[in-house]
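Quick notes on the structure that follows.
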Amino acid sequence: MTKRTHHCNQLTRQENDQNVTLIGWVQNIRKIGKILFFTLADKHGTTQIVVPDSNPNLLQIAQQLGYQYVVAVEGKVRLRPPKDVNLNMTTGEIEVVASQLHILSPCADPFPLSIDERDTVSEHVRMQYRYLDLRRPSMQEALRFRHNLCFCVREYFHQQGFLEVDTPLLTKSTPEGARDYLVPSRVHPGQFYALPQSPQMFKQLLMIGGVEKYFQIAKCFRDEDLRADRQPEFTQIDVEMSFVEPEDIFSTMEGMFATIFQRILQQPLSTPFPRIRYSEAIEKYGSDKPDLRLEIALQDLSYIAQNTNFRVFQNALQQKGVVKGICFPNAAQHYSRKKLDELATAIQDFQAKGLAWIKIQNQQPQSPIKKFFSPSQLKQLQTLFQANENALILIVADSPNVVHASLSYLRNRLAKELGLLDDQHFAFCWITDYPLFEYNPEEERLESLHHPFTSPHPNDLHLLEKDPLSARSLAYDLVLNGVELGSGSIRIHNPQIQEKIFQLLQLPQEEIQKRFGFFLKALQYGTPPHGGIALGLDRILMLLGGFESIREVIAFPKTATAACPMTGCPSEVSDQQLNELHISLKKG
RNA sequence: GGGGCCGUAGCUCAAUUGGUUAGAGUCCCAGACUGUCGAUCUGGUGGUUGGGGGUUCGAGUCCCCUCGGCCUCGCCA
């Protein structure tokens, strides 16, 4: 095959007069009289090729060229006439005068999408022809970005003395948590492997195995409904360390991000990241994944509300609810009655029954509920929210969960609508001191908030029996710009405590042995204190790269229904395959 | 499982209150053009309006079902 001597972003006036060979895809052909120009593109860039009128045989071959043909061009570099220099191209000072053209591969017509970045192509078509979509420079850049970041992560952990260890993809189903993807066993009729939701138990077993510092860029699988930032298979930066406390994990990960920012983004990153206790995050921002690009916090006005005549506030407070609000300066004129109604409708998703609002306009509070407040109460409100002219205060009265979910949503939504969020700014924070358990009212039992291997907070061990819901854990989340990047914890290394947790989760002894027996056994043989974290690699790339969806940083992503329009998976399989797997399908 | 938006030429879109033969740009084909670079100019090809059913004199438009895409609530230890 013809070998290329240069790539398509390489030639400058330095190479003037040199004989070169380039190989690439034909981008666009311009025929002017008897001269023919075309742009040749490879992954590095583009170069203009001229087929001169002095070579009729070559022109004849050039006539056969079409969009996205793969062609090898032999020719001589020459400087363009000064008036025809194209400053938009790296190679715009030169062109290659073709002496030979070899069509290596023609391209089917019609071409199903445009490679040109200036054109928009629907995402469905992009997914169907992902291999063509990938030819777009922005997608090449996204793939390179992902590679560079992974490379940087591996180098960082390597230098810190970590070992990257592969863990199995065919493993044991451990209910609790997300729905598993199952793989039927041919050799064991009626039995199934599960694809890992995370390598959780394996990385702990590696600690028991004396590895001390483990990391892995690990594929994980969860059979749950999708979102813009959720795929059925995704990638985690998975980390586990022995003999550590939370702060050791924090500084290790901060070091990783500092390295990424320095090498990949070439911008400074301020460390350490702020640490915020879970309870404080909920009180101040209504969420355990606050967007700290925005300083505005929620305010509790229950003490004012309880003295007003407003029935809605009274009722909420009587039912152990709260009245809280959030104030946006300079927002009043942007929110008409109609838009405020839309906000009220939107928070119905979170079971909120209503939205109260106050605008400060012409130095006066304007509000449908103004009549329920005395002048001094209005004054108190304005002071509490530091509400100046043109401020907009949004208030929700309900149970704490509803109030926090609603106001957190409104905080994010208005910040976005008002253009207060700079996507070039990266605000990290650690959320700490999570509760160990939450109550599942449907199953009438406790559930682990993080996972059942999470160590209780040492100061709260005494609460496990009498008030488990008040017990804190040594779990933590890392949040970036309002998105949860991942979570981790210090693990339980004491088999008695681990068994105690399983009991509190009301797992029957038999069940515990069946699911986790091997793991409890392992804990008995000298388990080092250990802990770790797992971060969503795709989400990190999405945020640092300024993408709207993690699909943009995954070469071959799936749709919202977990399908692939390109390969057509999932798909039916033959009866023979099913027979071998001892599976019969339900009719209907 | 629920809610919202969407589906018209290969691609990106338009089509008035339900009213003539569903248009435009681009792509492709042919011709013209000796410095273009999203070339330009002239002409041409290209349609099961996602699919099925219904209402109507008449459906891209209204109704029902269905398929597909995107967003979102629930869900995601």
Side-chain angles (χ1 to χ4, degrees), chain A residues 27-41 46-54 59 63 66-68 80-89 91-92 95 97 107-129 132 174-180 197-198 200-201 220-232 234 342 345-352 405-406 409 413 434 436-438 440 442 446-454 473 475 484 487 489 501 505 507 534 536 548-549 551 558-561 563 565 568:
Chain A
Q27 228 49 332
N28 73 31
I29 302 168
R30 288 94 57 185
K31 218 184 108 193
I32 283 88
K34 288 278 180 282
I35 302 185
L36 190 143
F37 300 90
F38 64 92
T39 305
L40 193 69
T46 57
T47 301
Q48 170 158 284
I49 311 297
V50 195
V51 183
D53 58 346
S54 55
L59 266 175
Q63 294 292 351
Y67 189 58
Q68 295 297 315
R80 296 190 191 192
K83 73 177 175 63
D84 293 318
V85 166
N86 185 345
L87 295 174
N88 297 322
M89 294 171 77
T91 60
E95 59 196 359
V97 186
C107 176
D109 177 61
F111 199 76
L113 50 80
S114 172
I115 306 291
D116 196 314
E117 298 284 4
R118 290 166 294 197
D119 295 328
T120 56
V121 181
S122 70
E123 195 175 1
H124 185 62
V125 174
R126 292 179 55 205
M127 290 308 157
Q128 213 171 341
Y129 296 94
L132 300 180
T174 53
E176 299 259 324
R179 206 174 285 115
D180 283 321
Q197 298 174 25
S198 81
Q200 183 59 37
M201 276 186 280
C220 303
F221 305 84
R222 293 179 189 175
D223 186 5
E224 298 292 346
D225 286 350
L226 275 50
R227 290 285 190 286
D229 61 355
R230 262 195 246 162
Q231 283 273 302
F234 62 102
E342 284 171 17
T345 306
I347 60 174
Q348 286 173 5
D349 274 352
F350 310 102
Q351 317 315 318
S406 304
Y409 170 83
R413 174 162 169 174
Y434 273 85
L436 187 59
F437 299 112
E438 62 186 340
N440 181 332
E442 278 158 30
L446 297 178
E447 285 185 345
S448 294
L449 193 72
H450 186 51
H451 59 54
F453 314 110
T454 302
S473 70
E484 180 197 317
S487 54
S489 61
I501 297 295
L505 294 173
L507 293 176
E548 292 292 319
S549 151
R551 294 187 298 275
K558 303 232 175 354
T559 66
T561 55

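Convention: sequence-line order gives letters A, B, ...; per-chain numbering from 1.
- Among the nucleotides B:G35, B:G10, B:C73, the one closest to any side-chain atom of A:Pro110 is B:G10.
- Comparing B:C11, B:C37, B:G69 by their nearest atom to the side chain of A:Val121 picks out B:C11.
- Straight-line distance from the CG atom of A:Leu59 to the C1' atom of B:U34: 11 Å, rounded to whole Å.
- Using a 4.0 Å heavy-atom cutoff across all strands shown, A:Arg80 reaches at least one base atom of the nucleic acid.
- In the set B:C73, B:C37, B:G38, the nucleotide with an atom closest to the side chain of A:Phe350 is B:C73.
- One can find a donor-acceptor pair under 3.5 Å joining the base of B:G38 and the side-chain atoms of A:Asp119.
- Looking at A:Arg230, its side chain comes within 3.5 Å of the base of B:C76 through a donor and an acceptor atom.
- Of the candidate nucleotides B:G38, B:C70, B:C28, B:C28 has the atom lying nearest to any side-chain atom of A:Asp109.
- Taking atom C1' in both B:G46 and B:A22, the straight-line distance is 14 Å, to the nearest Å.
- Taking atom C1' on both B:C64 and B:G25, the two are 36 Å apart, rounded to the nearest angstrom.
- Relative to the side chain of A:Thr120, the nucleotides B:U12, B:U34, B:C28 differ in distance, and B:U12 lies closest.
- Atoms CG (A:Leu132) and P (B:C27) sit 18 Å apart, rounded to a whole Å.
- Candidate nucleotides B:G10, B:G69, B:C70 were compared by shortest atom distance to the side chain of A:Pro112, and B:G10 ranks first.
- Across B:C71, B:G38, B:G35, the shortest atom-to-atom separation from the side chain of A:Asn28 is found for B:G38.
- Using atom C1' as the reference point in both B:C71 and B:G38, the two lie 32 Å apart (nearest Å).
- Rounded to an integer number of Å, the gap from A:Gln63 CD to B:A30 C1' is 12 Å.
- Distance check on atom P: B:U66 versus B:A24 gives 37 Å, rounded to whole Å.
- No hydrogens or angles were tested; on distance alone, a donor-acceptor pair under 3.5 Å links the side chain of A:Asp53 to the base of B:U34.
- Counting only heavy atoms from C-beta on, A:Arg227 has its side chain closest to B:U72 among B:C76, B:U72, B:G35.
- Nearest nucleotide to the side chain of A:Glu224, out of B:C71, B:C37, B:C76: B:C76.
- To the nearest whole angstrom, the two P atoms, one in B:C63 and one in B:U17, are 16 Å apart.
- The aromatic rings of A:Tyr409 and A:Phe350 sit tilted relative to each other, their planes meeting at an angle between 30° and 60°.
- Computed from coordinates, the A:Glu548 CD to B:C71 P distance equals 10 Å when rounded to whole Å.
- Of the candidates B:U36, B:C37, B:U12, the closest approach to any side-chain atom of A:Val125 belongs to B:U12.
- You'll find a donor-acceptor pair under 3.5 Å spanning the side chain of A:Asp225 and the base of B:G74, going by distance alone.
- Taking atom C1' on both nucleotides, B:C67 is separated from B:G52 by 10 Å, rounded to a whole Å.
- Using atom C1' as the reference point in both B:G4 and B:C27, the two lie 34 Å apart (nearest Å).
- For the pair A:Pro112 and A:Val125, the tightest heavy-atom approach, listed with the atom from each and the gap, is O-CG1, 3.7 Å.
- When Watson-Crick and G-U wobble pairs are counted only if both distances are under 3.5 Å, B:G7 pairs with B:C67.
- B:C33 atom P lies 15 Å from atom CG of A:Leu36, rounded to whole Å.
- One interatomic measurement links the two molecules: CD1 of A:Ile347 to C1' of B:U72, which rounds to 16 Å at whole-angstrom precision.
- Going from the P atom of B:U8 to that of B:C41 covers 28 Å, rounded to whole Å.
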